[in-house]
Amino acid sequence: MAWVTDHHPTRSELDACVQCGLCLPACPTFRLTGRETASPRGRIQAMDAVAKGLVPVDDTFAGLLDFCLGCRACEPVCPGMVPYGRMLEGARAEIEEQVQGRSRLSGLLAGTALRSRLLRKLSGWSLAAAQRLKLTSLSPRRFRRLVAGARDLRQRGPSIVGYSSGEATKVALLAGCIQDEWFRPVNRATVQLLERAGYGVEAPNDQTCCGALAAHSGLTAQAEQMSSQNLDAFAQFDTVVATAAGCSAHLREAGWEGTEVLDVTVAIARAVSEGRLPELPPNGKEIAVQDPCHLRHAQRVVDEPRQILVAAGYTVVEIDTVGMCCGAAGLYTINQPEASAQLGEAKAQQVREARTRLVASANPGCEMQLRSYLDSDYEIRHPVEWYAEAIGSGR
Amino acid sequence: MTLTQDLREALGDENVLEEPVELHLFSKDASLMRGEPSVVVFPANANETAAVVRIAERHRVPIVARGAGTGLAAGASPTQGGIVVVTTRIKDIEIDVENRTAWVGAGVINLDLSVAAKPHGLYFAPDPSSQSACTIGGNVANNSGGPHCLSEGSTTSHVLGMEAVLTGGEVVVLGGAAPDPIGLDLKGALVGSEGTLGIVTRALVRLLPIEPDVRTLLMDFATVEDAARTVSDVIAAGVVPAALELMDQEMVRAVDNWLGAGLPIDAAAVLLAEVVGETEGVVAQSELISDIGRQNHATGVQVAADDDERALLWLGRKSAFGAIAQLAPDYYLHDAVVPRTRLVEVMTGIYGIAEKYGLTMCNVFHAGDGNLHPLIAFDSSDPEMNRLVHEAGDEIVALCLKAGGALSGEHGIGIEKRDLMRASFSELDLDAQARLKEVFDPAGVFNPTKVLPEGSRCFDFGGVRRELPDGVWV
Amino acid sequence: MTRNPPHIARLEVDQSLAADGAATLEPRSVDDVAAILKHASERGLKVQVVGGGTHSGYGRPVSPDLLMVMNGLTQVEVWNPDDLTVVVAAGAPIAEMEAKLNEANQTSVMPEHPGSGTVGGAISAGVSALRRGKLYPTRERVLEATLVTGDGRVVRSGGRVVKNVTGYDLHRLAVGAFGAMGVVVSVCLKLWPVPEGQMTVQVDDPDRASEVTRPLAVLETREGVSVFLAGTHSEVEAQTRRLGGTARPGHSWPVDPAGEFTWSLRVPPAEMANAIERMPDAWGFLAVHGVGEIRCSSDSFDPDFRSWAESVGGRLVVTSGEAEDFDPWGSPPPGVDLQAKLIAQFDPRRVINPGRLPGGL
């Protein structure tokens, strides 16, 4: 009994890997450990061994895959075009099904809490309250990084969910779960920019969490439920814009028929290149750009955040030519605190070496990770926020 | 104590792996051969490696060194079981700018070395296609080549010294930054010995200054013969470019399908040529190469416009083996080298063999060196296919050797090509090589059964009477 | 064991080369070499191998019973210019081979002033061209070697192609081994095209040479510093302009300094200026910048200079001169035991140039 679900890595997916090893250097966990057991090729070999009945789906196998960030940096460098991210989710679904006693906190979060609007609101309120009372240091140890990296929620403004431009609506907005509670300014900047570009915007009320974190954790059933709820909410729209790289990546891969999902950086860069939004002259300031894995590796979106920042007048400083993961990786901070910390510190060091205090990151997890490792005088925002502010329609 | 207990005591629990699934991941390199290691260890330095060697000798188990596991001849596959020694923790780089050298840990990734040297205007010349992943230790063990070895030679020409662990766990430092070390070149014997003589833990390598200018040309041809003839003609014209690579249509299509670089997928073959040096020389040489290409009916000649375009072309070239995955789950490839004047006829012969066996064949290779990489894409789960592929492979090797070629240009012999050694060397030649192996490894623990075919040392020289020539009286 | 010189019927004897009653043998074929060595092994005779005799003072002296002169093995066996390789018998004089190769604008990158030196001699002594910084030393240019071991086995290593990792590199071990791995009887060399443009530029300081990337050679003698340029005409002209200084077309290679003692100083390249600084004015030198090799001459041996060289990770090796009370090599190299064991496998009775190598091997 090798595989028991319908999600497992298929024979053709496994055969797509010829073990050339070109993925190794792209893999952050291989870089950290130098071990085949912490590499994409090794993990695929482990899946292959399960498929061939050589090893069981057990704690050891789960441990190998738990250590994977799911950053998918191995995918763009793979000339065999192995769908690693898909296989990882499939293998994790098998682990959830076959390995007992894995009621992990993160699983509970990804599968249940993020779907519940009430629980999400609770998280926002309680964090804001803690920040007001300066009690953030009392958070549970595993969450301390998240709390330390969160934005100041004391004046976060209203949620965008339920908003409608009122005119002939063309573009729908996925507000996101964490994004909607903890990163409302990104969503508002997005709405303002899209409207200024001449689009109507609607953020349907009955939307929910995109389900990416559930899928990454192998909670396929929950992920599918969320996906189908969102499909109902968004099916009538031609275009859906998601403001977090993790969400846009997940929705794009769901392959909704007749609905194009765009990451907000792609939508805004497109509007700039079409002349719908202005390009400002250089302002003489430098900004460091950090590439979220689910933008750069999963969607191969590299140029767009830079185009937006240049349109905002900034000079872009590259911190990392290969886009190494910052270690946030969804719930990795909670599940693998040590490896996450090493990667987080390395990423922070790259930012420090850029010698500018302005930083752009297009994903909430990355932003929090960066903030928790950098001094408080670094300003870290989403590219669309930097742009919205620059063209004067910002907050 | 048991083997693993000894190893755990020497290296610490966290540096010893023995779970079945973990062992499985170290059971092969990038070749097709798999073994069954008993344990995998990660020493931090030469002393820990020496401890592992002593433990292996005490327990009489094989010891197989491994870097990134990108080898293509099963050199790092533990086919006799035993201990797999992974060098990836030994990853220090000390650059000596004035002497243009660097001491480099065996576990340092090849490309990382050149990246580290770049701010000093230096680079490490050997650049195997796997250079983004493969380690210096692996390069030294295999005497790795790469496209840019055409003008600068393979790894052995760039290793000036080394720290190595030999039999008995003896740690030696051989060579150094000063030229021409005295005595026998033991270091030269260790380079390319595929881990069968000892384990190199650090290497002192030569770094070269980055050339002031570079031109990369992409020429496409309507036939492979025209491309191959261009290669022969370029060499004959007295031009030795920095690199001269050939890819055939099947290969270009697979690569471009992934890369999306707009490579000429309709051409039967493309040549990638690179010249480096002062701008004036680079311009003159690239014009000469283009002219030779056109004389051989090149249907297109493009020059990479900038560093990005150049990098893209090389990424395509260096990712070719991996792109085979798009065609079939496995590939079998050879690495023979032929004299450059024989390229055209050998290439024609190789395609003929593939056709005869009805196999999917791609070619992507270091044409300027005459170093072929005929690559057969197939599914190894079909036993009949396996047989055909190996038969065709043997026929290809025979063809290359008949043309005055050599068995392997850069991948090594390992297990995959071991039994073909007899086609390259006489019994006396092999016996001499086996003597070298015996001197270095009397305990027989270093990567046993690799490189030399079984019975190499069995040759009984005493039984052969070599007669004196007529008229000689001594 | 006999001390009597063997009687030779067919093999020619050149008595002028014989010393101390050693018989001189001139093999005509590889089989002859094998027969002689086998015989020597059986009888325990010491054999000194002689090429052009240009390196006879290099290494510890041998008191031979037999002199084996290789000038009967001189033919260029295979030379297909378009392959940029040549297969040549070890006794071939370098000068003759080079003259032939030059006709096709090719070079073997052997020493520029070989005198009567042979290919096998340069390889066995491990000496290199002054162009070695750009075109690599002799060790890197030997693609294949056929050796005859001390006990008369004919062993081939390497191949006749420019890139090869098939088997262990016995041919590399033979370079600089003075025959200990076997007498070199035939080699395949990697050739290089001689570029159309050649210029020699006098500069006032070796550091000036950094104006051009990887010149063919930067050489310094008592007369000054010269940068040797090679490439296309336009390239060489541009480099010449950049260097400034007096330029003259072509390459006129300096000769090695001569004297009572000649020696080879080998130091890390960064130590060269320091080494030159330390030399008394009376000493002659030819420094190969960027490489770390300085060929020197003096009227006596200076042990302090050797101590200094060894202290910076280098060597001072005496290449000619009376060597009574000192070792021409200096401190023994690492791995002497291993070298001895290796030699025992290739020359079990230790008949080929015994004791000539460092460490008394």
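In what follows, chains carry the letters A, B, and so on, assigned in the order in which the sequence lines appear, proteins first and then strands, with residues in each chain numbered from 1. Everything numeric in this text was worked out from a predicted model, so none of it was measured.
- With a threshold of 4.5 angstrom between heavy atoms, B/V97 does not approach chain C through any atom at all.
- Heavy atoms of B/S193 lying under 4.5 Å from chain C belong to its backbone as well as its side chain.
- Contact check on B/R340 versus C/D82 returns no salt bridge, with no Lys/Arg side-chain nitrogen under 4.0 Å from an Asp/Glu carboxylate oxygen.
- No side-chain heavy atom of C/P193 sits under 4.5 Å from any side-chain heavy atom of B/V239.
- Residues C/R132 and B/P179 form a side-chain contact, since some pair of their non-hydrogen atoms from C-beta on lies under 4.5 Å apart.
- Counting only heavy atoms from C-beta outward, the side chains of B/V172 and C/L338 never approach each other to under 4.5 Å.
- How far OG of B/S157 is from NZ of C/K190: 6.0 Å, rounded to the nearest 0.5 Å.
- Using a 4.5 Å cut-off between heavy atoms, B/E152 touches chain C through backbone and side chain atoms alike.
- Contact annotation for C/N80: only side-chain heavy atoms (C-beta onward) come within less than 4.5 Å of a heavy atom of chain B.
- Proximity to chain C is limited to the backbone of B/N142, based on heavy atoms less than 4.5 angstrom apart.
- The most heavy-atom pairs under 4.5 Å with chain B, out of C/L84, C/L357, C/V317, come from C/L84.
- Proximity to chain B (any heavy atom under 4.5 Å) is restricted, for C/R315, to the side chain, taken from C-beta onward.
- Of the listed residues (B/I235, B/V282, B/L436, B/I210), the greatest number of heavy-atom pairs within a distance under 4.5 Å of chain C belongs to B/L436.
- For a residue to count as touching a neighbouring chain, one of its non-hydrogen atoms must lie under 4.5 Å from one of that chain's; by this rule B/V337 touches chain C with backbone and side chain alike.
- Atom CD of B/E98 sits in a sparse spot, with 12 or fewer heavy atoms from other residues, nucleotides or ligands closer than 6.0 Å.
- With chain C as partner, the option from B/G238, B/C149, B/G409, B/A237 having the largest number of non-hydrogen pairs under 4.5 angstrom is B/G409.
- Contact count versus chain B (heavy atoms, under 4.5 Å) is highest, among C/V312, C/L191, C/V155, C/V194, for C/V155.
- In this structure, the portion of C/Q239 lying under 4.5 Å from any heavy atom of chain B is its side chain and not its backbone.
- At a 4.5 Å heavy-atom cutoff, the contact between B/V338 and chain C is made by backbone atoms alone.
- With a 4.5 Å cut-off on non-hydrogen atoms, C/M272 does not touch chain B at all.
- One finds a salt bridge joining C/K163 and B/D369 here, because a Lys/Arg side-chain nitrogen approaches an Asp/Glu carboxylate oxygen to under 4.0 Å.
- B/H158 has its side chain within reach of C/Y136: a pair of non-hydrogen atoms, C-beta onward, lies under 4.5 Å apart.
- Interface residue C/S331: only backbone heavy atoms are found under 4.5 Å from chain B.
- Nearest heavy atoms, C/G167 versus B/M421: CA-CE, 3.6 Å.
- Proximity to chain C is limited to the backbone of B/H411, based on heavy atoms less than 4.5 angstrom apart.
- Taken from CD in B/E278 to CG in C/L229, the straight-line distance is 9.0 Å, to the nearest 0.5 Å.
- Annotation: side chain of B/P209 is in contact with side chain of C/R214 (closest heavy-atom distance under 4.5 Å).
- Residue C/F178 does not touch chain B at all, counting heavy-atom pairs closer than 4.5 Å.
- Contact of the C/L170 side chain with the B/Q433 side chain is registered, since non-hydrogen atoms from C-beta on lie closer than 4.5 Å.
- Only the side chain of B/R206 comes within contact range of chain C, judged by heavy atoms closer than 4.5 Å.
- For chain B, the nearby parts of C/P334 are the backbone and the side chain; heavy atoms of each come within less than 4.5 Å.
- Atom CD in C/E235 sits 10.5 Å away from atom CG in B/D213 (nearest 0.5 Å).
- The two residues B/A284 and C/T232 come nearest to each other via the heavy atoms CB-CG2, 3.9 Å.
- With contacts defined as side-chain heavy-atom distances shorter than 4.5 Å, the pair B/V191/C/D169 does not qualify.
- Contacts between B/T156 and chain C at a heavy-atom distance below 4.5 Å involve backbone atoms as well as side-chain atoms.
- Looking only at side-chain heavy atoms (C-beta outward), B/R435 and C/K341 stay at 4.5 Å or farther from each other.
- Contact annotation for C/T213: both backbone and side-chain heavy atoms come within less than 4.5 Å of a heavy atom of chain B.
- The greatest number of non-hydrogen atom pairs below 4.5 Å with chain C, out of B/L150, B/D96, B/T279, B/L197, is found for B/L197.
- Looking at B/L288, there are no atoms closer than 4.5 Å to chain C (heavy atoms on both sides), in backbone or side chain.
- Rounding to the nearest 0.5 Å places CG of C/N164 at 8.0 Å from OG of B/S424.
- For chain C, no part of B/L190 is nearby; none of its heavy atoms comes within less than 4.5 Å.
- Using a cutoff of 4.0 Å between basic side-chain nitrogens and carboxylate oxygens, C/D83 and B/R342 are not scored as salt-bridged.
- If you tally non-hydrogen atom pairs under 4.5 Å between each of B/I413, B/N143, B/L420, B/D180 and chain C, the highest count goes to B/D180.
- Using a 4.5 Å cut-off between heavy atoms, C/P358 touches chain B through its side chain atoms alone.
- Both the backbone and the side chain of C/V212 come within contact range of chain B, judged by heavy atoms closer than 4.5 Å.
- Only the side chain of B/L166 comes within contact range of chain C, judged by heavy atoms closer than 4.5 Å.
- Within 6.0 Å of the CZ atom in B/R418, the count of heavy atoms belonging to other residues, nucleotides or ligands exceeds 12.
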